[in-house]
Amino acid sequence: MSRPRLLRVLSALLALCPLLCAGCAPRSEPAETTFAAMDTVMTLTVYGGEADALSAARDRVLELEARLSVTDPDSEIAALNRERTAALSPDTAELLSRSLELCARTGGALDVTIYPVVRAWGFTTGDYAVPGGDTLSALLEKVDYTKVRLEGNAASLPAGAELDLGAVAKGYAGDELAALLREKGVESALLELGGNIHTIGSKPDGSDWRVAVRDPADTEGYLGVVSVSNKAVVTSGGYERYFEEDGVRYWHIMDPASGAPARSGLFSVTVAADSGLYADALSTALFVMGREKALDYWRTHRDFEAILVSEDGSVTVTEGLEKSFTLSGARTLSVARP
Ligand code: AMP
Ligand code: MG
């Protein structure tokens, strides 16, 4: 090829290059969608991936909600609570099976048969009330996850027992969305499912995602920021859903041992883990356990990290977050060691 001709071919190729690269490089502008599902507002922000990734993710959340919602009479959970036996979809069977294992692993601090108690306090109906002692002891007899039977997709409950997967459903949804979006080519995303944050990869510039952790005593403000990649960060707090009567605050996280809102001394628990389901189950269970038992659980398992905020305002982080969690304001932070 003559030199001028070679130059012409090369410059034509160079001119094409930005077009070719635009097709293959990760999109630097995010695509975003916000919608209401699972009793909260969800915002999904993704970089790159197929054009229908966000709409497929939204459809998947709505499908899970329709299967798992305890208050939707058409859901599989409502049908199981009503009929006491049901043939479950693979989603519901999988979530129930893994949740029952987590109930056992947390010594029953998580108990997915808590629904009769949650309803008596009015948390699903909005008719808030403090049930009397006799009512509570009668209701507590119905709470026992070990009585749930699940063989393959066939589930059954003893008389009076009712399931509530509200403590774990968003965590499972986060895992499912992350898997779906990865399949659709997304390598970087921030999925906000209410208080459940799920990150895919790191930010497009390669740095960690910075996830703000809400201050339970001042929900307009932030307690601090945790830097993560490829992790779920899930918070359970006494500020999320509650009512007040005679100056006492009653929140939606129940102690299955007493049938009353868990008053363990903790005000919020944030768990960072690879699995959204595990982080969601643990944020609820550690809240019920209280600081000392929660730290014992961490020392035994070491497969997650946590930020524990006590009602007196003190903050404890497990060692793995010592460098990645930055507290805002002038509080003191204690670091739990193995
Ligand atoms: P979370 O916000 O993930 O901590 O979940 C709280 C929700 O889970 C409540 O609204 C109840 O529906 C349900 N729940 C409350 N206490 C428990 C418990 N100890 N075990 C299982 N589910 C619970
Ligand atoms: Mg939870």
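Keep in mind the model is a prediction, meaning the values are calculated, not measured. Read the numbers this way: they start at 1 and go in the same order the structure lists the ligands and their atoms.
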Indicate if the distance from the Mg ion (ligand 2) to the nearest N, O or S atom of Ala167 falls below 2.8 Å.
yes
Any non-hydrogen side-chain atom of Leu282 less than 4.5 Å from a side-chain atom of Tyr278?
yes
Tell me whether Gly237 reaches ligand 1 (any heavy atom closer than 4.0 angstrom to a ligand atom).
no
Is there a nitrogen or oxygen of Ala167 sitting under 3.5 Å from a nitrogen or oxygen of ligand 1?
yes
Looking at Lys184 and Asp52, is there a salt bridge between them, counting it only when a charged N and a carboxylate O are closer than 4.0 Å?
yes
Counting heavy atoms only, which of Ile114, Thr284, Asp39 is nearest atom 1 (P) of ligand 1?
Thr284
What atoms of ligand 1 come closer than 4.0 angstrom to any heavy atom of Leu110?
20 (N), 21 (C)
Give the numbers and elements of all ligand 1 atoms closer than 4.0 Å to a heavy atom of Pro256.
19 (N)
Within less than 2.8 Å of the Mg ion (ligand 2), any N, O or S from Thr284?
yes
Check ion pair Asp208-Lys203 (N to O, under 4.0 angstrom):
no
Enumerated ligand 1 atoms positioned under 4.0 Å from heavy atoms of Glu240:
2 (O)
Quick test of your reading of the model: are Arg291 and Asp312 salt-bridged, counting only N-O distances below 4.0 Å?
no
Among non-hydrogen protein atoms, atom 11 (C) of ligand 1 lies closest to Asp164 OD2, 3.3 Å
Would Arg214 and Glu240 pass as an ion pair if we require N to O under 4.0 Å?
no
Do me a favour and list the nearest non-hydrogen protein atom to atom 10 (O) of ligand 1 with residue, atom name and distance?
His252 CD2, 3.2 Å
Salt-bridge contact Lys231-Glu305 (side-chain N to carboxylate O under 4.0 Å):
no
Determine whether the aromatic ring centres of residues Phe123 and Phe243 are separated by less than 6.0 angstrom.
yes
With atoms numbered from 1 as shown, which atoms in ligand 1 lie under 4.0 angstrom from a non-hydrogen atom of Asp280?
3 (O)
